[in-house]
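To start, the structure under review is shown below, and the notes come after it.
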Amino acid sequence: MSSPSHPIVLTSSLNGPVTAFDAVSGVPLCHFSGSRSPYHGLALVGNSFIATSHISAETSSASIHLYNWWSSTALHNFLVPEPVAPLSATLDGLYLFAGGLSGSIHALSVPSGEILASYSAHNKPVSCLKISEDGSILISGGDDGTISFVPIFQIIEASPDKSSTSLMLQRFVAHDGSVTAIDSIMAQCNSTIISSSLDCTIKIWGLLDGTKLRTVTFPCAIMGIALDQIRKEFFAAGSDGFIYKGSINAGSKKHVNQTQEFIRWAQKHDSGIVSLVMVSETNNLVSASEDGKVYIWEIETGEAIMGLDNDVGSISDMVVANGMERGLNFGKKADNFYDGYSGLCRVEMSRSLKDTLDIEDMLRVATKDRSRAIDMLESAISAYERLLELILKEAKKGPSSSKSGNEKHSL
């Protein structure tokens, strides 16, 4: 079975597994079990891993689960100092950021799970995280309505005694309610961010100085945002179940009505939409709602062209992965994860990350042992060469020049 080149939609839930769907056929491909993931608690980590925030139902302890694409159970359980919800990872998958209940952000190394740094970003829980379009800045939103910007290299290289305020590039009050989503538009002279909030607004800001450029007010709280491929239009996820489409630049010719800042698509969701994601491969929009429904939309017409067959109930977050980028080769049956893998050994595919790291450790030890053995062999050869040289020297002297048979020669 060849790898699908079309996108894979993943949804998480507080009450069920992470589910992967084929975005073209709508068929569930597999489930990743063992996580109870809160709002914004799902993230892609490079091309190799999926991360979910997890809160134990039995102990209420907090952790982050790390999955690879070949196993339905978590490979790693990263312990964190407090309950965390929103997650975001660098494009190379080396660093994962988690927003905590205290307002702190924790930076973790992948795949070790080591906490590299923690800093206070907000006065209330961190509500959303986003890495800027160019991958250089971590942007966070909080329940306190503030937005903060921190260069990623400063987080990774921060010393333990460095203060949170010295890390931040900018922090300002953006909304009257919790910030629900953030996206960025990077340009040489006019970089901006767009944020949404429970205060029923979307706002557009200057990236570096926090200057408000525009406010769009809606009839309901906005739970998420997405931008089209050319970064000219936004799509807003309404808590009323509607999707709203508008232009980022006021007065755009794409407005249906120049006096109207947005249009509303026909309703398909019966409850609040928790996530919107633009699919670059198809130029379609995917929406997921609290009631468990997932739809794929044609952005030009505003029509829902497909519903995904989700049977796990409520959805807390949704992301979209490119199947070809991750070399996915899912089986034909969602309940048989390894069916249909062609030309690959099941044992190798199901090998855990811990096993792989253990093998790497053994190889490093073997390399050191080999180097040590070579050094000992070279030392022994050198000693034998010196002994042979001494024997030949004595042989040339002959018996008459020998002093005593009991005389010892030092090497």
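Count residues from 1 along the sequence.
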Using a 4.5 Å cut-off on heavy atoms from C-beta on, say whether the side chain of [Y] contacts that of [X].
X      : Y      : value
His122 : Ser148 : yes
Val173 : Thr146 : yes
Ile147 : Phe149 : yes
Lys268 : Lys293 : no
Leu44  : Leu10  : yes
Thr192 : Ile194 : no
Leu198 : Met223 : yes
Leu96  : Phe49  : no

Rounded to the nearest 0.5 Å, how far apart are [atom1] of [X] and [atom2] of [Y]?
X      : Y      : atom1 : atom2 : value
Glu157 : Leu167 : CD    : CG    : 11.0 Å
Phe218 : Glu261 : CZ    : CD    : 8.0 Å
Leu129 : Leu138 : CG    : CG    : 5.5 Å
Ile273 : Gln267 : CD1   : CD    : 8.0 Å
Ser191 : Ile185 : OG    : CD1   : 9.5 Å
Cys30  : Asp22  : SG    : CG    : 11.0 Å

**Request:** Begin with the C-alpha distance, continue with both residues' side-chain angles, and end with the deciding distance and a verdict on side-chain contact (heavy atoms from CB on, under 4.5 Å) for Met318 and Val9.
**Result:** CA-CA 7 Å; Met318 181 261 300; Val9 176; 3.9 Å; yes
**Message:** Set out, in order, the CA-CA distance, both residues' side-chain angles and the distance that settles salt bridge (charged side-chain N to carboxylate O under 4.0 Å, His left out) for Asp228 and Lys245, then state yes or no.
**Reply:** CA-CA 10 Å; Asp228 68 349; Lys245 176 183 176 180; over 6 Å; no
**Asked** Is it the case that Asp92 and Thr90 place a side-chain donor and acceptor less than 3.5 Å from each other?
**Response** yes
**Message:** Checking side-chain polar atoms at under 3.5 Å, does Ser35 have a donor or acceptor matched by the opposite partner on Ser37?
**Reply:** no
**Prompt:** Can you check whether Met186's main-chain N or O pairs, donor with acceptor, with Glu133's side chain at less than 3.5 Å?
**Reply:** yes
**Asked** Counting only N and O atoms by type, is there a donor-acceptor contact under 3.5 Å from the side chain of His40 to the main-chain atoms of Ser88?
**Response** no
**Request:** Return the orientation label for the His65 and Tyr67 ring planes: parallel under 30°, perpendicular over 60°, tilted otherwise.
**Result:** perpendicular
**Message:** Please verify the inter-ring angle class for Trp205 with Phe172; under 30° counts as parallel, over 60° as perpendicular, anything in between as tilted.
**Reply:** tilted
**Prompt:** How far apart are the C-alpha atoms of Ser12 and Ser316, what are their side-chain angles, what is the distance that settles it, and do they pass the side chain to side chain donor-acceptor pair (under 3.5 Å) test?
**Reply:** CA-CA 6 Å; Ser12 61; Ser316 59; 3.0 Å; yes
